[in-house]
Amino acid sequence: MSTIDSSVMLLTVGDEATGRRLPFHGSRPGARLARVPAALAAVPAVRLPSRPGRTDLDPVLDEQRPGRVVVSGTDAVLAAVLVRLLRRELLGAVEVAFVPTTRRSAAAAAWGLPRDRAAAAALALDGTASPVPLIRDDAGGVLVGRGEVRNLRGEAYCDNTLVVRGSVRRLLAAPGPQGVSSLAGRGVRAATGRALQIGCVGARVVVNGVEHPREVPRWTWYRHTEDWLLVRP
């Protein structure tokens with residue numbers, strides 16, 4: 001984009017130490033926020049808390065009505081934005097670009113996005129969005145980067161493929177253009193399909209770097225009926 005499209009909105013994580021954020025009606029250029037790549041300096045920006053939810057994101061969607069949101073943050077922040085787009089039935093209306101705050105972003109790896117923030121910011125402005133699978137879970141979240149089931153004792157199937165039977169230290173899952181995958185590991189078979197279903201004797205689950213608060217006896221990641229619009233190479 002030679003000039004900044006007026007429908008583009010930058011969503012960036014605020015100062016975690018203070019919890020400060022800009023209200024939706026107080027958006028300002030990204031240049032006035034810390035650690036924003038130069039390419040995004042002129043994009044209207046809203047600063048969010050580290051765990052944004054409905055009250056943080058819905059006002060932005062209502063008032064700004066962005067055609068594209070640029071999410072600068074962690075995998076968990078990207079997932080939080082997608083949950084709100086899902087709930088508001090905006091998956092097909094709002095394009096999403098991601099500028100990870102760490103080179104270790106599993107979401108960037110899963111979707112082939114630049115790890116370098118300057119390159120990711122340039123792609124966020126000039127790239128084209130295309131539909132990609134939205135992977136949901138049965139706890140109300142979405143998987144954008146890496147899912148992990150720790151100390152799994154039980155069975156797991158990816159569609160009709162048995163990927164785990166018995167005890168494994170961990171099962172790793174990732175989204176991708178073909179759906180959801182179990183990643184090859186000790187005692188875990190690699191497979192890709194529409195759903196990854198796990199039954200177990202109490203296991204810990206970590207999604208996008210955030211641990212689920214309780215042990216679970218079962219867990220499912222599955223492809224939603226509607227895709228989301230990701231800006232990618």
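Please read all numbers here as calculations on a predicted model, not as lab measurements.
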Chemist: Any Lys/Arg nitrogen of Arg150 or Glu148 sitting under 4.0 Å from an Asp/Glu carboxylate oxygen of the other?
Modeler: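 Yes, this pair counts.
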Chemist: Taking the side chain as C-beta and beyond, is there a heavy-atom pair between Pro66 and Val8 under 4.5 Å?
Modeler: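 Answer no - side chains too far apart.
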Chemist: As a quick check of understanding, evaluate side chain to side chain contact (heavy atoms under 4.5 Å, CB included) for Val77 and Val71, giving each step before the final call.
Modeler: CA-CA 8 Å; Val77 173; Val71 181; 3.8 Å; yes
Chemist: Using the side chain to side chain contact (heavy atoms under 4.5 Å, CB included) rule, pick out the option among Leu123, Val81, Asp75 that qualifies with Phe98.
Modeler: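 Filter result, single survivor: Asp75.
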Chemist: What is the distance from atom CG of Leu90 to atom CD of Glu95, rounded to the nearest 0.5 Å?
Modeler: 13.0 Å
Chemist: Should Ile135 and Tyr222 be counted in the same cluster of Ile, Leu, Val, Met, Phe, Trp and Tyr side chains packed under 4.5 Å apart?
Modeler: no
Chemist: Could you check whether any side-chain heavy atom of Arg153 comes within less than 4.5 Å of a side-chain heavy atom of Cys200, counting everything from C-beta outward?
Modeler: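 No, side chains not in contact.
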Chemist: To the nearest 0.5 angstrom, please state how far the CZ atom of Arg68 sits from the CG atom of Leu229.
Modeler: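 That separation rounds to 9.5 Å.
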Chemist: Which atoms form the tightest heavy-atom contact between Pro114 and Pro100, and what is the distance?
Modeler: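 That closest heavy-atom pairing would be O-CG, 3.9 Å.
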Chemist: Indicate yes or no: at least one non-hydrogen side-chain atom of Thr12 is less than 4.5 angstrom from one of Leu48.
Modeler: no
Chemist: Run Leu125 and Val43 through side chain to side chain contact (heavy atoms under 4.5 Å, CB included) and show every step you take.
Modeler: CA-CA 9 Å; Leu125 294 181; Val43 177; 4.0 Å; yes
Chemist: With the 4.5 Å side-chain cut-off for hydrophobic clustering, are Val168 and Val205 part of the same group?
Modeler: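 Yes, Val168 and Val205 fall within the same hydrophobic cluster.
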Chemist: Given the rule in the side chain to side chain contact (heavy atoms under 4.5 Å, CB included) test, do Leu11 and Val70 qualify, once you have shown the distances and angles that lead to the verdict?
Modeler: CA-CA 6 Å; Leu11 304 177; Val70 179; over 6 Å; no
Chemist: Does the distance from a Lys or Arg side-chain N to an Asp or Glu carboxylate O, for Arg88 and Asp62, drop under 4.0 Å?
Modeler: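 Here Arg88 pairs with Asp62 in a salt bridge, since their nearest N and O are under 4.0 Å apart.
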Chemist: Does Val96 share a hydrophobic cluster with Val207, counting links as ILVMFWY side-chain heavy atoms below 4.5 Å and allowing steps through other members?
Modeler: no
Chemist: Which atom pair, heavy atoms only, marks the closest approach of Ala109 to Arg115?
Modeler: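 For Ala109 versus Arg115, the nearest heavy atoms are CB-NH2, 3.1 Å.
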Chemist: How long is the straight-line distance from CH2 of Trp228 back to CG of Leu91, given to the nearest 0.5 Å?
Modeler: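 Those atoms lie 9.5 Å apart.
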Chemist: How many angstroms lie between OG in Ser7 and CZ in Arg65, if you round to the nearest 0.5 Å?
Modeler: 13.5 Å
Chemist: Tell me if a side-chain donor or acceptor on Asp58 pairs with a main-chain N or O of Thr55 at a distance below 3.5 Å.
Modeler: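 Checking the backbone N and O of Thr55 against the side chain of Asp58, no donor-acceptor pair under 3.5 Å is found.
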Chemist: Below 4.5 Å, heavy atoms only, C-beta onward: do Ile198 and Glu155 meet side chain to side chain?
Modeler: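 Side chain of Ile198 against side chain of Glu155, heavy atoms only: no contact under 4.5 Å found.
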Chemist: Do Leu196 and Val132 land in one hydrophobic cluster if side-chain heavy atoms of ILVMFWY residues count as linked below 4.5 Å?
Modeler: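 In one cluster: no.
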Chemist: Would a 4.5 Å heavy-atom cut-off, applied to side chains only, mark Arg117 and Ser72 as touching?
Modeler: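 Arg117 reaches Ser72 side chain to side chain.
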Chemist: Drop me the distance from Asp56's CG to Arg47's CZ, to the nearest 0.5 angstrom.
Modeler: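 One gets 13.0 Å once the value is rounded to the nearest 0.5 Å.
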Chemist: How close do Gly145 and Asn208 get, counting heavy atoms only, and between which atoms?
Modeler: N-OD1, 3.0 Å
Chemist: Under a 3.5 Å distance rule, please check whether Ser182 uses its side chain to pair with a backbone N or O of Arg189 as donor and acceptor.
Modeler: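 At least one qualifying donor-acceptor pair exists.
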Chemist: Less than 3.5 Å apart, any donor N or O on the side chain of Ser130 or Arg232 sitting next to an acceptor on the other?
Modeler: yes
Chemist: Looking at Asp159 and Arg194, does any basic side-chain N land under 4.0 Å from a carboxylate oxygen?
Modeler: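 Between Arg194 and Asp159 there is no salt bridge, as every charged N stays at least 4.0 Å from the carboxylate O atoms.
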Chemist: Can you tell me if Arg146 uses its side chain to pair, donor with acceptor, with the backbone of Ala173 under 3.5 Å?
Modeler: no
Chemist: Please check this pair: side chain of Ser181 against backbone of Leu183, looking for a donor-acceptor N/O pair closer than 3.5 Å.
Modeler: no
Chemist: So which atom in Leu152 and which in Val149 form the shortest heavy-atom distance, rounded to 0.1 Å?
Modeler: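 Where Leu152 meets Val149 most closely, the heavy atoms are CB-CG1, 4.2 Å.
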Chemist: Could you pull out the closest heavy-atom pair between Pro133 and Trp111, with the gap in Å?
Modeler: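 Closest pair (atom of Pro133, atom of Trp111, distance): O-CH2, 3.7 Å.
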Chemist: State the CG-CZ distance between Leu61 and Arg54, to the nearest 0.5 angstrom.
Modeler: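 CZ of Arg54 is found 12.5 Å from CG of Leu61.
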Chemist: Quick one: closest heavy-atom pair of Val99 and Ala124, and the distance?
Modeler: CG2-CB, 4.3 Å
Chemist: Can you tell which of Val142, Val144, Asp227 makes a side chain to side chain contact (heavy atoms under 4.5 Å, CB included) with Leu134?
Modeler: Val142
Chemist: Measure the shortest side-chain to side-chain distance between Glu211 and Arg204 over non-hydrogen atoms and say whether it is less than 4.5 angstrom.
Modeler: yes
Chemist: Which residues satisfy the salt bridge (Lys or Arg N to Asp or Glu O under 4.0 Å) test with Arg218, sequence neighbours excluded?
Modeler: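 If we apply the salt bridge (Lys or Arg N to Asp or Glu O under 4.0 Å) test to Arg218, skipping adjacent residues, there are no hits.
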Chemist: Report whether Val216 and Val180 are members of the same hydrophobic cluster (ILVMFWY, side-chain heavy atoms less than 4.5 Å apart, transitive linking).
Modeler: yes
Chemist: A side-chain contact here means heavy atoms from C-beta on lying under 4.5 Å apart; do Leu172 and Val188 qualify?
Modeler: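 Sidechains of Val188 and Leu172: no contact.
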Chemist: Does Leu143 reach the side chain of Arg136, with side-chain heavy atoms less than 4.5 Å apart?
Modeler: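 A side-chain contact is absent here, since even the closest heavy-atom pair is not under 4.5 Å.
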Chemist: Quick one: ring pair (Phe, Tyr, Trp, His ring centres under 6.0 Å) partners of His212, sequence neighbours excluded?
Modeler: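 Counting only residues at least two positions away or on another chain, His212 forms a ring pair (Phe, Tyr, Trp, His ring centres under 6.0 Å) with Trp219.
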Chemist: Quick one, Thr102 with Thr74, criterion side chain to side chain contact (heavy atoms under 4.5 Å, CB included). Give me CA distance, side-chain angles, the key distance, then yes/no.
Modeler: CA-CA 7 Å; Thr102 172; Thr74 63; 5.8 Å; no
